[in-house]
Amino acid sequence: MLDKNNNKELDKLFQSKLRNNEAADNKWNVPPIDIFENALAEIEARQPEKKRRWPILFFVGFGFLMLGAITYLFYQNQSMIVELDKKIEVLNQAQKESEQLTIINKNESTSAAIIQDQPALVEKSAMLPINAQKGASRSTQAAKETTTQRIKPINKAQKIVNSNLAVSTVSTSRSNDLLRAAEVATKSIPQNESNNTISNVVLSKFKTLNKLPILSIPLTYTSRTIQQIYINEETEKAVYSDKKSNLKFSPYLAIGTNFSSFNTSYNDLHIEGAVENKYAVGYNIGFGFSVDLTNRFGLEYSFTGRSNVSRSKYTCNVIYDKNEEGYNANGDLVYNMDMFSTNPLYSAVARVEVPVNVDEMDDGDVMINKTDSKVVMSVLNTKLGVRYKILNNTKFNLFVNGGMGANYIYNSKDDLKMQLIHEDKMMMDKTAPSGSKVFDEFFASAYLGLQLNYQLNDRIWIGLDNNFEKGFKSLFTHPNLNAGSSKLKTFNSTIKVGYNF
Amino acid sequence: MTENELISRVLKKERAAQVQLYKEYQTTWYMICLRYHKSKQDAQDVLQNALIKIFTKLEQFDGQKGNFKSWSSKVVVNENLMFLRKKVSSFKVDAIDDVLFVPDQSESALDILSAEELTRMIQKLPAGYRAVFNLYIIEGFSHQEIADMLNINIGTSKSQLSKARKLLQKQLETLLQE
């Protein structure tokens, strides 16, 4: 076992020598000044970057706010429409009631006139030949029809007011005549109308009350109410019919694939040339909605989870340097080297320790550095944009759409397989999973695309949305990664299934 | 100018003060980085990251709780550990069963070794040993603290320190024999 005194002596030696932080004469412990300069430059560069995140957060927040607002407006609109439909129903019923009252009133007058004219007609008919009597009878019938037709109002509101006022001003002394006339008139109404509940109710009121002053109050009230409702409804119809047509809300579910190119420009051209694959494929799944503001123009919002998977191989030569030899924990000779890990997204350097046999390797020997890397990025993407319908067909609709996107990389990992080969001998073959986050978490993007919708029925549609999306900034901010720029360029192809409210 | 005044001026982003603070502690910070990394380039990369941290988090420094040197040194050590975590998948290494014979060294013989030579010796240690040795011997952390920082158990920390010492003594022996 090791002697404790030896340990203490060793510890003391290192502590005394290494805790003295004065600059050595040969400046071995003085860092180059450019490190400080670079650090300050980096700090300055980061400051506006922090501010740039606010628009993205604002953008996401705005999207959700808009979703809430539209949902609120939609449900408000729906409830107004339901209310409106109910009112129209009430109005129609009240209108029928009013029309029947009018008919009652007019028929009463007509019947009275006919009764009054009857003696004269009888006298005249007795004097006339049979054909003439028939003609007179037809004239009477025609007069009745004309009277009935005349009461059909051009302006419904006016009709309602007039007819009800007529009813309400009928004198009490004529109530019995009116009752009789009402019975006649009711009988004269076609069977389906005479069965109308309201008519029967009105008639029963006539029979039961037989007092027009009392009757006239509710009727007058009803008349004004109906008139008011009618006028209000006409206005409301105009207002809400517009709203109803303008706010067409259409949520949808989406699933699709994406194909990405990362446009990475490596600092080292040799590395760039050696990367075999610079693309990534993945899938996306999410939901969204669109709101048609006019027949052609609308807004759209989507929220998507996206996965990008990229694989690539990289090969380069490494020159053996005897100065990098050392000993591992077992006292075995090892070669310490920087191993390049390069994929479509970035290039990193990993320090590895490779066991070597004594005198097996010489200065200048060429080794082959092979890496096979897999990078998986999981991204939350939200888009807010506009769309314009360029083809408007019963079944097919074609839209051009475009807007802005906000992206959040919530998970990323890269798995790296490294091999070092010297003269067909495998010196090292290891897999190094890396869980470290090397990506900037937020980036903004813009998109432009075409969407073709097919209307399966009045409500349900299916669409194919193809769009091109470009990131505004490099995904990588890790200072030790050799990637000058890695702006995302993605082609998204998505199938959507939606429902029109 | 006192250290607190200097820090106040740095917080106001005065360039001259930033330069002065850097010059005052550059050797301390750089030596820490050199001890944790075999590669000079790695040490410089980490130092740059550490400088960014120090200057951007300076408002978090509380002069009443400690001095700036120990606060900033902790930031630099943490930055080094973060870097190592990314590069080293695990700090666990195979056990060494061999018992090394370490001859007694006279004080005068050891004294001739420079800080640069000792730093190089530390740099030759495997990453895990190097980290534990630096944290325990130079920075003065306990095994419990080291275990928490490196996500290893206390036994591993102790064992790696022991192995680091063995390797260093072996290197010392070789060096002194030469």
Side-chain angles (χ1 to χ4, degrees), chain A residues 1-3 5-7 9-24 26-40 42-44 46-47 324-331 334 336 338 348-353 430-436 438 478-480, chain B residues 15 18-19 22 25-31 33-35 37-39 42-45 47-49 51-52 55-56 83 85-89 93-96 98-100 102 104-105 107 110 113-116 118-119 122 124 126-127 129 133 137-138 162-163 165-172:
Chain A
M1 290 296 289
L2 281 174
D3 189 336
N5 289 332
N6 279 340
N7 284 345
E9 201 176 308
L10 186 84
D11 297 349
K12 199 177 165 186
L13 170 71
F14 278 91
Q15 284 164 356
S16 62
K17 296 275 183 178
L18 297 178
R19 282 179 179 170
N20 175 14
N21 297 315
E22 284 179 12
N26 64 357
K27 305 282 182 193
W28 72 273
N29 57 357
V30 178
I33 189 68
D34 62 324
I35 291 176
F36 176 64
E37 301 292 345
N38 291 343
L40 288 188
E42 182 81 24
I43 291 166
E44 281 172 19
R46 282 185 186 186
Q47 279 168 346
E324 295 296 329
E325 284 184 347
Y327 293 93
N328 67 7
N330 295 320
V334 290
N336 297 293
D338 290 332
V349 177
R351 191 81 180 164
V352 294
E353 201 174 68
K430 64 186 282 187
T431 303
S434 163
S436 61
V438 293
H478 198 288
N480 297 313
Chain B
R15 176 80 178 181
Q18 289 174 330
V19 173
Y22 173 71
Y25 293 102
Q26 58 174 343
T27 316
T28 306
W29 298 333
Y30 190 43
M31 281 179 73
C33 295
L34 285 172
R35 284 203 300 270
H37 304 284
K38 181 178 168 62
S39 154
D42 284 352
Q44 291 176 0
D45 287 344
L47 176 61
Q48 186 173 313
N49 291 344
L51 288 177
I52 293 168
F55 283 103
T56 53
F83 188 86
R85 278 190 207 109
K86 285 172 189 169
K87 292 189 90 174
V88 182
S89 58
V93 289
D94 296 334
I96 303 171
D98 301 340
V99 177
L100 297 173
V102 183
D104 275 345
Q105 304 294 342
E107 270 194 35
L110 293 173
L113 292 168
S114 67
E116 185 177 7
L118 294 176
T119 303
I122 293 172
K124 282 187 179 175
Y129 295 1
F133 182 82
I137 303 296
I138 315 296
S162 168
K163 288 163 189 171
R165 279 173 174 151
K166 281 182 192 174
L167 288 174
L168 287 171
Q169 283 172 344
K170 190 179 176 183
Q171 284 188 56
L172 272 174

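The figures that follow rest on heavy atoms only: side chains count, while hydrogens, waters and symmetry mates do not. In what follows, every chain begins at residue 1, and chains take the letters A, B, ... in the order their sequences are listed.
At a threshold of 4.5 Å between non-hydrogen side-chain atoms, the residues Pro126(B) and Glu353(A) count as touching.
Here Pro31(A) is the residue among Ser16(A), Pro32(A), Pro31(A) with the most heavy-atom pairs under 4.5 Å with chain B. With chain A as the partner, the residue from Thr119(B), Ile138(B), Ile122(B) showing the most heavy-atom pairs under 4.5 Å is Ile138(B).
Listed by chain and number, the residues in a side chain to side chain donor-acceptor pair (under 3.5 Å) with Asp11(A) are Arg165(B) (sequence neighbours excluded). When the side chain to side chain contact (heavy atoms under 4.5 Å, CB included) test is applied to Glu37(A), the partners found at least two apart in sequence or on another chain are Ile33(A), Arg15(B).
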How far apart are the C-alpha atoms of Asp45(B) and Ile35(A), what are their side-chain angles, what is the distance that settles it, and do they pass the side chain to side chain contact (heavy atoms under 4.5 Å, CB included) test?
CA-CA 8 Å; Asp45(B) 287 344; Ile35(A) 291 176; over 6 Å; no
Pair Met31(B), Trp28(A) - check side chain to side chain contact (heavy atoms under 4.5 Å, CB included), show working.
CA-CA 9 Å; Met31(B) 281 179 73; Trp28(A) 72 273; 4.1 Å; yes
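No donor-acceptor pair closer than 3.5 Å links the side chain of Glu42(A) to the backbone N or O of Ile52(B).
Atom CG in Leu118(B) sits 4.5 Å away from atom CZ in Phe14(A) (nearest 0.5 Å). Rounded to the nearest 0.5 angstrom, Leu51(B) CG and Asn38(A) CG are separated by 10.0 Å. With rounding to the nearest 0.5 angstrom, the CG atom of Leu34(B) is 10.5 Å from the CG atom of Leu18(A). Interatomic distance, Ser39(B) OG to Asn336(A) CG, rounded to the nearest 0.5 Å: 10.5 Å. For the atom pair Ser114(B) OG and Asn29(A) CG, the distance stands at 10.0 Å (nearest 0.5 Å). Taken to the nearest 0.5 Å, the CG atom of Asp34(A) stands 7.5 Å off from the CD atom of Gln44(B).
By the 30° and 60° cut-offs, the orientation of the rings of Phe36(A) relative to Tyr22(B) is parallel.
There is no contact between Gln171(B) and chain A, counting heavy-atom distances below 4.5 Å. Looking at Phe133(B), only its side chain comes within 4.5 Å of chain A, counting heavy atoms on both sides.
No more than 12 heavy atoms of other residues, nucleotides or ligands shown are found within 6.0 angstrom of NZ on Lys124(B).
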